[in-house]
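Nothing here was measured: the structure is a model prediction, and the numbers come from that model.
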Amino acid sequence: MEANQSKSHLRAVVQQVANNTTSWIGHWKGETKNRVSGQTFLCPSEGELDCIEVFSSHVTNSGPVNLTIHAFDTANKTWGPVLGTSQVQFNNLDTGKWISFPLKGLRLQKGMTYGFRLKSDTGLIGVGEAAGSVNHLPYKEGLGWAAASEELPGSFYTYLSLAFKVELRA
């Protein structure tokens, strides 16, 4: 018997919704480097990925934002190959809203670490982020990531986490 995806239960299996700072993607006027941001997360259950949501704290220049999802090697802090992609057009009306990146068709495995990266070639977008401290980490099961350009490796942070939700169908 095939499961009807529209009737399957959709739920956020991983989320970090605190937002007290901003991670920027895209580039400032006159800047040549294209800033990218990302987040890793431990998947607590198995299921079909429906979407990843991020909190849009500022949209200064409208444009498409690309999200890629990857398997992530926590021991070596390396991104695996792209498992899925999604593109959403951002505009100034998106400021202060949760934005959904559809990613249907990818099955995530319980106990595996994944990560997503966000970039914008034409816009300048502020993504909500939580800054914590050594004694109060915003999200303990993953790392925030940022790079000044699309060239890897970038930097990983335990005390920074994007505001995000990972939604699976059970």
Side-chain angles (χ1 to χ4, degrees), residues 1-23 25 36-57 64-90 94-120 125-147 154-170:
M1 179 174 162
E2 287 187 357
N4 183 345
Q5 210 172 22
S6 65
K7 292 183 180 179
S8 297
H9 180 64
L10 179 65
R11 62 188 173 101
V13 295
V14 178
Q15 64 181 7
Q16 191 296 111
V17 297
N19 170 31
N20 60 13
T21 189
T22 301
S23 180
I25 60 172
V36 291
S37 290
Q39 178 68 45
T40 69
F41 61 92
L42 179 66
C43 192
S45 60
E46 184 173 335
E48 297 292 326
L49 180 60
D50 186 78
C51 67
I52 293 176
E53 291 185 56
V54 296
F55 186 76
S56 171
S57 58
V65 174
N66 296 302
L67 180 144
T68 56
I69 185 166
H70 309 255
F72 186 77
D73 180 343
T74 56
N76 297 308
K77 292 186 180 174
T78 55
W79 299 94
V82 174
L83 302 174
T85 62
S86 184
Q87 184 181 79
V88 174
Q89 182 74 24
F90 278 56
D94 294 323
T95 295
K97 296 181 180 175
W98 285 95
I99 307 299
S100 179
F101 287 85
L103 287 154
K104 295 179 182 0
L106 179 62
R107 186 155 194 86
L108 299 187
Q109 302 299 316
K110 179 180 180 176
M112 295 290 295
T113 300
Y114 298 92
F116 62 89
R117 296 194 304 229
L118 297 162
K119 75 173 196 164
S120 177
I125 312 296
V127 178
E129 183 176 55
S133 65
V134 173
N135 297 325
H136 182 69
L137 298 176
Y139 175 65
K140 296 176 184 174
E141 302 295 333
L143 301 168
W145 174 81
S155 298
F156 292 95
Y157 304 95
T158 56
Y159 57 89
L160 293 172
S161 174
L162 293 181
F164 73 102
K165 300 175 185 178
V166 177
E167 297 184 358
L168 298 183
R169 290 200 181 273

I need the minimum non-hydrogen distance between [X] and [Y], along with the two atoms involved.
X: Val88; Y: Ser100; value: CG2-O, 3.5 Å
X: Pro44; Y: Val13; value: CG-O, 3.3 Å
X: Thr158; Y: Leu137; value: O-CD2, 3.5 Å
X: Gln89; Y: Asp94; value: O-OD2, 3.7 Å
X: Trp145; Y: Arg117; value: CZ3-CD, 3.4 Å
X: Ser120; Y: Pro64; value: OG-O, 3.1 Å

Can you tell me if [X] uses its side chain to pair, donor with acceptor, with the backbone of [Y] under 3.5 Å?
X: Ser56; Y: Lys97; answer: no
X: Asn20; Y: Ala131; answer: yes
X: Tyr139; Y: Thr40; answer: no
X: Ser57; Y: Gly126; answer: yes
X: Gln39; Y: Leu143; answer: yes

Ring centroid separation Phe116 to Phe164 under 6.0 Å: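 When the ring centroids of Phe116 and Phe164 are compared, they turn out to be within the sub-6.0 Å range.
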Indicate yes or no: at least one non-hydrogen side-chain atom of [X] is less than 4.5 angstrom from one of [Y].
X: Lys119; Y: Ile25; result: no
X: Phe55; Y: Lys165; result: no
X: Phe101; Y: Leu118; result: yes

Give, for atom [atom1] of [X] and atom [atom2] of [Y], the distance between the pair rounded to the nearest 0.5 Å.
X: Leu103; Y: Thr85; atom1: CG; atom2: OG1; result: 7.5 Å
X: Cys51; Y: Glu167; atom1: SG; atom2: CD; result: 4.0 Å
X: Lys110; Y: Leu42; atom1: NZ; atom2: CG; result: 10.0 Å
X: Leu108; Y: Glu46; atom1: CG; atom2: CD; result: 9.0 Å
X: Leu49; Y: Lys104; atom1: CG; atom2: NZ; result: 9.0 Å
X: Ser161; Y: Lys140; atom1: OG; atom2: NZ; result: 12.5 Å

Could you pull out all residues at least two apart from Ala18 that satisfy side chain to side chain contact (heavy atoms under 4.5 Å, CB included)?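 Side chain to side chain contact (heavy atoms under 4.5 Å, CB included) check on Ala18 returns Gln16, Ala130.
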Parallel, tilted or perpendicular: rings of Phe72 and Trp79 (30°, 60°):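 Aromatic pair Trp79/Phe72 classed perpendicular.
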Where do Leu67 and Gln87 land on the side-chain contact (heavy atoms from CB on, under 4.5 Å) test, with the steps shown first? CA-CA 6 Å; Leu67 180 144; Gln87 184 181 79; over 6 Å; no
Could you go through Ser23 and Leu162, starting from their C-alpha distance and side-chain angles, then the distance that decides it, and tell me whether this counts as side-chain contact (heavy atoms from CB on, under 4.5 Å)? CA-CA 8 Å; Ser23 180; Leu162 293 181; 3.8 Å; yes
